[in-house]
Amino acid sequence: METKKYDYVTVEKTWQKKWFDAKIHIAEKKKQNKFFIHFAYPGVSGYLHVGHMRGFTYCDVIARYKRMMGYDVLFPAGFHASGIPSVGFAKKVERNDKETIDLLKKNGCTNDFIKKLADPLEVVKYFSKVYVDEYWKRFGFLIDYTRLTNTISAGYNKFISWQFHKLNDKKLLVQKPHFAPYCPNCGPVAVDKSETDVLCGGSSEILEFTIIKFTLSNGTILPAATLRPETIFGVTNMWVNPNVEYQKIEVNDEIWICSEECVKKLSYQFGNIKKLNEIVPGKKLVGKKCIVPEINREIPILSGVFADPKIATGIVMSVPAHAPYDWIALVESKQPIQPITIIDVKGFEDNPAKEACEQLKITSQTQIEKLDEATDLVYKKEFHTGALNDNCGSYSGIKISEIKDTVKNDLITENLAATLREFSEEVICRCKEKVVIKNIPDQWFIKYSDETLTQNSKDYAETMNIYPQEYKDGIPKILDWFDDRAVIRKGSWLGTEFPFKKDWIIEPISDSTLYPAYYIFSKYVNEEKISAEEMTEEFFDYIFLGTGTPESDVWRQIKSDFDYWYPVDINLGGKEHKTVHFPVYIMNHVAVMPEDKCPRGLFVHWWVTQKGKEKISKSKGGAEPILEAATTYGVDAMRLYYTHVGSPFVDIEWDPEIVAKYKKRIANIYKIILELSEKKEQTNMHLDNWLISILNRRIKKIVDAFENFDLRVVSNEIFFECQRDIQWYLKRGGGDKTLINKFVKIWITLLTPVTPHLAEELWQILGKTAFVSNEPYPKFNSEEIHERDEIGEYLLSEIIDDTSEILKVTKISPKKICIYVAPAWKQDIFRKAIELHMDNKLDVGVLMKQAMSDPNLKAMAKNVSQFAGKLPGEIKKLSENDRNRYLVDVDEKDYLEHAKKYLVDVFSCDIEIVSADEKGIYDPANKSKFAVPLRPALYIE
RNA sequence: GCAGGGGUAGCCAAGCCAGGUCAACGGCGAUAGACUCAAGAUCUAUUCCUGUAGAGGUUCGAGCGUUCGAAUCGCUCCCCCUGCACCA
């Protein structure tokens, strides 16, 4: 009979409908044994790609496993709608961005519908539906869909508002100045690599220049910007661009001269800047002198065309001994100025800049690449091994790596310097305006630097289950490093209004810290059992903190739900959350929630990348859409792919060919299982014992791996090793119908969490009517372990390996194979040796003494001593597993006799099995003496 | 700069924390064979080098070292990658 082909499309659809109709995905309180797992909910940013499904899949696999292990599982999900993404998406629709419109059309949106998506709220609504229907349900995730929610709903807003009141009560909200990217037209913008807000410059960094106030003879300030304030002691001259028209401005009662571009920057960062409408041409400054602050040295102002008005103040101080650019410029200016060396550093004589230029053969300012290299070289060396020398007054002798901030802070304290922040490269807003850095004098922060909070969080994290271990080990450092975070922003983005400042919105990281708690409420909100208005401060206090009195039965029900399900057992998220979301997740719980309601575990998974290790991104065009992939490969194949292709803790590269292979494997397993039920009846006690025994070993390994969330080991055992076992069993001639049925039943149950659709289909074919998804997961049964038969099969496979090896090397076509099993006395003495070794008493002398006390052994003392002589060395090399194997009493000859038929089949020749010490055996090559336990001697002819 | 991750055979990728079961799981690719009219799928064998008896040699970025024994531990070096804050 021809086996039916696996029709994954129908199978997936059928079973998903059945599961959801039967509501097996809904979390219920039944067993007094709960497991709460959720993934870091996705931001609503548009269509997702196959990379996103990795973590979601892990979550479902774990949730399904836990369900089968007898837990009430709560696996909810929601949408992070706060922040920019959905606003950004709506803007793209609004401005008719072609790529976006095409994409929407491709996904079946009509023109009329697309128009609606110019509203961010519609974007959230639309994509929430897409994520649920086309991704999560399509993958068979048993998410409790009655609890879906998002972060811009009225109830959620109340929840966040409560959280911020609590933070404020605990004095964890503070106000202080903050510098942030800002577009003069659009307000605050996000500068990040994905460039949602900006046209270019997304990977720009904010540099902190120190402006040092040099003074002209009339007291006017010539502000020079530097990243190395400690080099002030080595300044020999200033560079001013003769082609630039500088501006005169008033800054806090001081008169400054700087470039036009700088004036703008200062006005955003300093506040009280007054333009004096007086232009100072650069060439008029050239030739004048100015005073270096702090050391009061007079230096000349020289012409330097490279002083870029766009960078910092447009005025540069020159340190020719330590800056290769300055050195070359000075050489080319032909001015009789002596460099001043201020840093002693290994590997350089008295002028590092000069020496680096010579080393790299730099002779002109135009050799920019080489100059950058030289600069890098000098800076690195000086930073790591350099120290200020006697030219630096009270700072002399201090290492550069330690002095940087000190000099800067001292100068600022004395009002001789200021800080100017600037992007490392130009950033342009989507509106084409240049993005600046703006000072927000009274920004609100969550005080993550709070020592008590940090310490408590570290202590708490220590008690959590965090995967992988390397991440857990790093958490204390991350928490220490995690600084205060600005939490509000005024601009066009979604979120909860900050309760202490009207019109300002809480930023998205800060409104996603306690959110799994909201899944407890969302069910009641969705069922309209409670309204946002009823969710008062007292309400949340009652639920979370147990204070106050309930005002209704719904309050009591919700409280009982919260107490049942909380805390979260696993929060699962991608590695991008390591230093952002997870730290605040822990810290806010620790700050606000009672300790027994703080999260129990974190699971961090790595990414799916494109070829060349790039993170998959839509803009790079490499992402395979989820629906397309699901249709091409089937979701079980993808689920298996995610769990098996690599450890959860490494990036995996999306490769359609590999996924296709997993698809074939699914079909193959389907075929194998169907064929198994058609086998002819044939019993073989040894072999049957082996199969049930090895199956139990697999179960143990699988369950152990599951408990550690080691999903790769899980799927490798289930989908590869189990298949290998049953194939070996069949090949060896196994065919016990009852046993095969048992194996199949267990195998299907084992594979359910990873490939549930396949499992249900097979389960039904076996004639079962209930869902295999609701079956208990197989348990290890020590009574079904048969060590002797395991060892027997091991012995057999070793013999086959050895024989094949000999045949390969000698190129003999065998007519007869003689197997000489080790004599009983060798087994005895082997076992004695191992026992001695375990007592740590093994040496040849002791072993011989024991052996000789046995009259049977004494009779053949010569052979015994020869054999025993080599034993200690060999036994030491054995692993514990091997050693244990020798301790089991197996009748090798008997076992092999039972397997003789198989050996004859494999090698197509006569097989003779004898004991090596039998009298009169056929042994022309005198091989039999080499027989040792579990390693019979062989002779082939 | 600060913090973190990594370099394993043709490729992907386990192993490393707890040294010996490691010539190194598994997959892909390749080669040969079986099945097939054929293709695909599936199965079987081989896939670092040498070898007419189950062996030996050389490997896990490089180099030292610890050890009876190192892919695994320590030190030094080289190379790649990620995050660093208002993007989630």
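Model, not experiment: these values are computed from the prediction. In what follows, chains carry the letters A, B, and so on, assigned in the order in which the sequence lines appear, proteins first and then strands, with residues in each chain numbered from 1.
Under the 30°/60° scheme for interplanar angles, the aromatic rings of A:Y670 and A:Y6 are found to be tilted. Between A:Y471 and A:F582, the angle of the ring planes lies from 30° to 60°, which puts this pair in the tilted group.
Using a 4.0 Å heavy-atom cutoff across all strands shown, A:V487 reaches no nucleic acid atom at all. Heavy atoms of A:A486 sit under 4.0 angstrom from at least one base atom. Among the protein residues, A:D473 comes within range of no part of the nucleic acid, since none of its heavy atoms lies under 4.0 Å from any strand. Within 4.0 Å (heavy atoms only), A:I509 reaches at least one base atom of the nucleic acid. At the heavy-atom level, A:V906 lies nowhere under 4.0 Å from the strands shown. Nucleic acid contact class of A:R228 (heavy atoms, under 4.0 Å, all strands): none. Residue A:K575 is out of contact with every strand shown, counting any heavy-atom pair closer than 4.0 Å. Residue A:W493 is classed as a sugar-phosphate contact, given heavy-atom separations below 4.0 Å to backbone atoms only. Within the nucleic acid shown, A:H644 comes within 4.0 Å of sugar-phosphate atoms alone, with no base atom in reach, counting heavy atoms only. Among the heavy atoms of the strands, none lies under 4.0 Å from A:V713.
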Exercise answer: donor-acceptor pairs, residues 812-819 of chain A side-chain atoms, under 3.5 Å, sequence neighbours excluded:
| residue | atom | partner | partner atom | Å |
| --- | --- | --- | --- | --- |
| A:K816 | NZ | A:E912 | OE1 | 2.9 |

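With sequence neighbours excluded, the residues satisfying ring pair (Phe, Tyr, Trp, His ring centres under 6.0 Å) with A:Y41 are A:H80, A:Y515. Contacts of A:K663 classified as side-chain hydrogen bond (donor to acceptor under 3.5 Å, both in side chains), with partners at least two apart in sequence or in another chain: A:Y8. Looking at residues two or more places apart in sequence or on another chain, you find a side-chain hydrogen bond (donor to acceptor under 3.5 Å, both in side chains) between A:D480 and A:K458. For the side-chain hydrogen bond (donor to acceptor under 3.5 Å, both in side chains) test, residues two or more places apart in sequence or in another chain that qualify with A:E717 are A:R698, A:K701. Looking at residues two or more places apart in sequence or on another chain, you find no ring pair (Phe, Tyr, Trp, His ring centres under 6.0 Å) involving A:Y729. Residues satisfying the ring pair (Phe, Tyr, Trp, His ring centres under 6.0 Å) test with A:Y886, not counting sequence neighbours, are A:F830. Remark: A:K927 pairs with no residue by the side-chain hydrogen bond (donor to acceptor under 3.5 Å, both in side chains) rule, at least two apart or across chains.
For the P atoms, the distance linking B:C28 with B:A13 amounts to 15 Å, nearest Å. Atom C1' of B:C12 sits at a distance of 15 Å from the matching atom of B:A30, rounded to the whole Å.
Side-chain N/O atoms of A:N716 include none lying less than 4.0 angstrom from OP1 or OP2 on B:A13. Taking 4.0 angstrom as the limit, A:Q723 places a side-chain polar atom (N or O) nearer than this to OP1 or OP2 of B:C43.
Residues in residues 796-810 of chain A take part in these salt bridge (Lys or Arg N to Asp or Glu O under 4.0 Å) pairs, two or more places apart or across chains: A:D802-A:R935.
In summary, the side chains of A:D511 and A:T496 do not present any donor paired with an acceptor at a separation below 3.5 Å, with no hydrogens or angles considered.
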Taking only N/O atoms, report every protein-nucleotides 28-34 of chain B pair under 3.5 Å with atom names and distance.
| residue | atom | partner | partner atom | Å |
| --- | --- | --- | --- | --- |
| B:G29 | OP1 | A:K661 | NZ | 2.8 |

Any protein N or O atoms within reach of nucleotides 53-58 of chain B? Criterion: under 3.5 Å, listing atom names and distances.
| residue | atom | partner | partner atom | Å |
| --- | --- | --- | --- | --- |
| B:A53 | N6 | A:I940 | N | 3.3 |
| B:A53 | N6 | A:I940 | O | 2.6 |
| B:A53 | N1 | A:I940 | N | 3.0 |
| B:G54 | O2' | A:D802 | OD1 | 2.9 |
| B:G54 | O2' | A:R935 | NH2 | 3.4 |
| B:G54 | O6 | A:L938 | N | 3.4 |
| B:G54 | N1 | A:P936 | O | 3.3 |
| B:G54 | N2 | A:D802 | OD2 | 2.9 |
| B:G54 | N2 | A:P936 | O | 2.9 |
| B:G54 | N3 | A:D802 | OD2 | 3.3 |
| B:A55 | OP1 | A:R935 | NH2 | 3.3 |

So which protein nitrogen or oxygen atoms get under 3.5 Å of nucleotides 3-11 of chain B's nitrogens or oxygens?
| residue | atom | partner | partner atom | Å |
| --- | --- | --- | --- | --- |
| B:G4 | OP1 | A:K477 | NZ | 3.0 |

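Here the C1' atom of nucleotide B:C25 and the NZ atom of A:K701 are 8 Å apart, to the nearest Å.
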